[in-house]
Amino acid sequence: MLIRNLSLFLFTCASLAIACVRVVAAHSETKGKMSGEEEKFKILVTHPEVPQVAIDLLSRSCEVIVVQSLPPKRSEILEKAKGVHAFFWGGHEALNAEALDAAGPQLKSISTMSAGIDYVDVAEVKRRKIPLGHTPTVLNEAVADTAVGLLLAAARRFHEGRLKIETNTWESFHLNWMLGQDLRGSVVGFFGFGGIAQGIAKRLKGFDIDSVRYTTRRRVSEDIEKEYSAKKVDFDTMLAESDFVVIASPLTNETAGVFNASAFGKMKKSAVLVNIGRGGVVNQPDLYEALKTKQIFAAGLDVMTPEPLPADDPLLSLPNIVLLPHLGSATERTRNDMATIAAHNVLRGLAGEPMFSPAYQL
């Protein structure tokens with residue numbers, strides 16, 4: 001269940017204390033009466049930089065074990081996983097059968113601190129009947145802000161302009177120098193039109209865009225279409241009609257590499273591509289050729305393959321691309337909110353209650 005309003009997640013300290021008591025009570029019922037530390041569930045936090053707000057929540061009624069290596073070492077995660085009852089999965093290490101086996105059969109609750117869970121063997125976790133939570137929606141606003149920034153930066157040639165300054169090639173005597181693309185009056189296409197994409201569309205209304213085209217498996221409600229002047233179209237139509245194309249979809253077998261040479265050939269030569277979904281949705285060698293040959297005007301990427309992108313990657317040699325190191329949700333407020341939701345997910349899973357933000361229903 002995706003909940004749009006964060007206030008539904010953030011309980012008062014009093015209600016949290018009740019939830020924590022339930023956690024201890026559930027443990028006591030299964031293990032019999034214990035005293036002291038023996039009554040506490042053990043939770044493994046797999047990253048040392050998980051915000052303290054989450055550690056504090058978990059520590060009120062549980063024993064918290066934190067991986068200390070940075071970047072987190074797989075060997076330390078697996079060693080410290082032994083005997084824990086829950087995972088607070090703070091990084092993007094593979095969460096698979098190896099990690100589940102390392103914990104043991106008493107593992108009963110898992111939450112990631114991320115919206116995307118492509119690094120999780122979801123089928124294996126579900127097969128073991130372990131509730132799995134994640135943190136979608138709460139990062140929508142921050143990612144939408146980043147997407148608009150990339151749209152503007154790529155369309156108005158911010159990176160190329162900086163290069164002109166650095167190389168002392170600022171040509172102030174031209175009238176038609178470094179002209180970019182207007183958002184005003186444009187058609188914006190979305191590959192994926194969920195919460196993040198709708199947040200972007202909401203912001204773009206302030207730039208007086210003309211309309212939205214979107215490609216999804218399911219049509220959104222008529223009210224949403226009316227609000228954003230949006231129309232569901234097939235992939236090829238979206239590419240052909242859009243002045244800006246925003247990728248806001250997860251990486252799946254169906255979406256992997258769909259933005260390739262064929263797709264770029266169907267876009268306008270003046271089109272700008274932005275990817276805030278997943279890097280694997282784009283065939284990057286094909287994107288490089290499309291940008292180098294000016295088959296499309298520009299691109300802005302917050303996600304790419306691999307991450308980190310090597311310093312000698314060909315994309316970095318292009319003036320008409322803006323690259324960010326996956327900063328979409330990187331604000332202090334958003335990180336704290338993600339950590340808080342993940343902590344609540346873990347506690348509710350331990351208590352045998354439905355998670356606030358489950359990845360699936362058992």
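Minimum interatomic distance between I117 and A359 (heavy atoms only, all atoms of both residues): CD1-CB, 3.8 Å. Residues T305 and G279 come closest through the heavy atom pair OG1-C, 3.3 Å. For the residue pair V245 and F259, the shortest heavy atom distance occurs at CG1-CE2, 3.8 Å.
Shown here are the salt bridge (charged side-chain N to carboxylate O under 4.0 Å, His left out) partners of D243, two or more places apart in sequence or in another chain: K268. Scanning for ring pair (Phe, Tyr, Trp, His ring centres under 6.0 Å) contacts around F193 gives F190, Y214, with sequence neighbours left out. For K82, the salt bridge (charged side-chain N to carboxylate O under 4.0 Å, His left out) partners two or more places apart in sequence, or in a different chain, are E79. Judged as a ring pair (Phe, Tyr, Trp, His ring centres under 6.0 Å), and not counting sequence neighbours, F207 has no contacts. Residues forming a side-chain contact (heavy atoms from CB on, under 4.5 Å) with A299 (at least two apart in sequence, or on another chain): L273, L287, L291, I321.
In summary, of the residues considered (K73, K80, R74), a salt bridge (Lys or Arg N to Asp or Glu O under 4.0 Å) with E76 occurs for K80 alone.
Going from atom OG of S242 over to atom CE of M267 covers 8.0 Å, rounded to the nearest 0.5 Å. A distance of 15.0 Å separates CZ of F87 from NZ of K108, quoted to the nearest 0.5 Å. Distance check, rounded to the nearest 0.5 Å: CE of M304 to CG of L323 gives 5.0 Å. Remark: I55 CD1 to C62 SG distance equals 11.5 Å, nearest 0.5 Å. Going from atom NZ of K292 over to atom CG of L318 covers 8.0 Å, rounded to the nearest 0.5 Å. Rounded to the nearest 0.5 angstrom, S109 OG and L350 CG are separated by 4.5 Å.
Distance alone, capped at 3.5 Å, is enough to place a donor-acceptor pair between the R157 side chain and the L179 backbone. The backbone N or O of L327 lies less than 3.5 Å from a partner atom in the side chain of D302, making a donor-acceptor pair.
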For residues 42-51, dump all side-chain donor-acceptor pairs below 3.5 Å to protein atoms at least two apart in sequence or in another chain.
residue	atom	partner	partner atom	Å
T46	OG1	G90	N	2.8
H47	ND1	E49	N	3.1

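Judged purely by distance below 3.5 Å, without hydrogens or angles, the side chains of R213 and T237 never pair a donor atom with an acceptor atom. Donor-acceptor pairing under 3.5 Å is recorded for the side chains of H326 and E307. Residues S211 and Y228 bring no donor and acceptor atom of their side chains to less than 3.5 Å of each other.
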